[in-house]
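As a basis for the values below, the full set of heavy atoms in this structure was taken, side chains included, without hydrogen atoms, waters or symmetry mates. Please read these numbers as outputs of a predicted model, since none were measured by experiment.
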Amino acid sequence: MADEQKQEEPVTFRDRRKVDPETGEARPATDGADTTGAADTAAPAGDGEQVAGPADGEDPEREKLRAEVAERTADLQRVSAEYANYRRRADRDREQTRVDAKVSVASDLLVVLDDFERAEQHGDLTGPFKSAADKVTGVLSKLGLEPFGAEGEAFDPSLHEAVQHEPAEGSGPTVTVLSTVLRRGYRIADRVLRPAMVTVQDRPEAEVSEQARADAADGGADAGDGEPQNPA
């Protein structure tokens with residue numbers, strides 16, 4: 001009897017296909033477990049709770065890396081500025097050393113140039129002597145040696161050493177100019193190797209060249225008020 005009852009029990013088939021084969025439409029979910037799982041998956045977090053994610057704030061590791069990059073950049077900029085300052089100081093010191101060497105060589109040869117000038121004034125600078133003098137003068141010119149001090153120039157106490165002062169006759173504005181150059185002065189760039197030894201004279205402005213008046217206006221000459229001041 002038990003075998004007969006077991007054979008008479010109907011067999012039930014469940015169609016779990018999600019698409020209806022006849023209509024081609026999706027079937028609604030009928031499995032309670034599946035529906036609940038889908039609902040749990042799709043439902044947002046409740047009770048005001050938010051799931052933490054990248055959008056909630058910057059990654060601490062990224063912030064740390066960014067701070068390290070900023071620190072390294074500041075260090076690099078500081079080192080670059082220090083190197084630029086070092087190069088400027090090195091270039092300035094190198095140029096100063098070069099000028100000092102030129103000044104040292106030229107200063108030792110000024111007495112030779114004085115001898116050449118006196119020989120020329122007496123008519124003795126001729127032949128091989130003149131050729132040697134021209135070569136020495138050319139070498140010193142390449143080093144940047146420049147003579148200064150000529151009659152009629154405005155007196156400048158930083159360039160000229162006045163040994164005699166002749167006041168002007170009469171009244172009116174005057175300009176102190178060089179009347180006689182006893183010894184020529186020399187300089188290299190802005191370095192005065194030796195001031196020119198001169199005598200000066202106060203002359204009316206009308207008798208002085210425009211260049212001398214401009215030099216006097218720049219402060220290079222004393223306008224006749226007292227004795228000219230010699231450099232220390």
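Here the side chains of Arg92 and Glu95 are not in contact, with every heavy-atom distance at 4.5 Å or above. Using a 4.5 Å cut-off on side-chain heavy atoms (C-beta onward), Arg66 and Arg62 make contact.
A single hydrophobic cluster is not seen to contain both Leu113 and Leu159; linkage of ILVMFWY side chains at heavy-atom distances under 4.5 Å, directly or through other members, places them apart. Clustering ILVMFWY residues whenever any of their side-chain heavy atoms sit less than 4.5 angstrom apart, transitively, puts Val111 in the very cluster that holds Val105.
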Please report, to 0.1 Å, the donor-acceptor pairs under 3.5 Å made by any side chain of residues 131-153, with sequence neighbours excluded.
from, atom 1, to, atom 2, distance (Å)
Asp134, OD2, Lys130, NZ, 3.1
Thr137, OG1, Ala133, O, 2.8
Ser141, OG, Thr137, O, 2.9

Name every donor-acceptor pair, under 3.5 Å, that has one atom in a side chain of residues 185-192 and the other anywhere in the protein, sequence neighbours excluded.
from, atom 1, to, atom 2, distance (Å)
Arg191, NH1, Asp100, OD1, 2.9

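Evaluation of the side-chain contact (heavy atoms from CB on, under 4.5 Å) rule for Asp115 yields Arg118 as partners, not counting sequence neighbours. Partners of Glu120 under the side-chain contact (heavy atoms from CB on, under 4.5 Å) rule, at least two apart in sequence or in another chain, are Leu125. Residues meeting the side-chain hydrogen bond (donor to acceptor under 3.5 Å, both in side chains) test with Arg88, sequence neighbours left out: Asn85. Listed by chain and number, the residues in a side-chain contact (heavy atoms from CB on, under 4.5 Å) with Ser80 are Leu76 (sequence neighbours excluded). With sequence neighbours excluded, the residues satisfying side-chain contact (heavy atoms from CB on, under 4.5 Å) with Thr180 are Leu182, Thr199. Annotation: side-chain hydrogen bond (donor to acceptor under 3.5 Å, both in side chains) contacts of Arg94 (sequence neighbours excluded): Asp91. Scanning for side-chain hydrogen bond (donor to acceptor under 3.5 Å, both in side chains) contacts around Glu166 gives an empty result, with sequence neighbours left out.
Every pair passing side chain to side chain donor-acceptor pair (under 3.5 Å) that includes a residue from residues 103-114 is listed here, sequence neighbours excluded: Asp114-Arg194. Residue pairs meeting the ring pair (Phe, Tyr, Trp, His ring centres under 6.0 Å) criterion with at least one member in residues 86-118, sequence neighbours excluded, are Phe116-Phe129. Sorted by first then second residue, the salt bridge (charged side-chain N to carboxylate O under 4.0 Å, His left out) pairs that include residues 76-86, not counting sequence neighbours, are Asp75-Arg78.
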**Message:** Under the criterion side-chain contact (heavy atoms from CB on, under 4.5 Å), I'd like the reasoning laid out for His160 against Val181: C-alpha separation, chi angles, the key distance, then a yes or no.
**Reply:** CA-CA 9 Å; His160 309 128; Val181 179; over 6 Å; no

**Message:** Show, in sequence, the C-alpha distance, side-chain angles and deciding distance for Arg203 and Ser179, and conclude whether the side-chain contact (heavy atoms from CB on, under 4.5 Å) test is met.
**Reply:** CA-CA 10 Å; Arg203 296 179 183 176; Ser179 57; 4.1 Å; yes

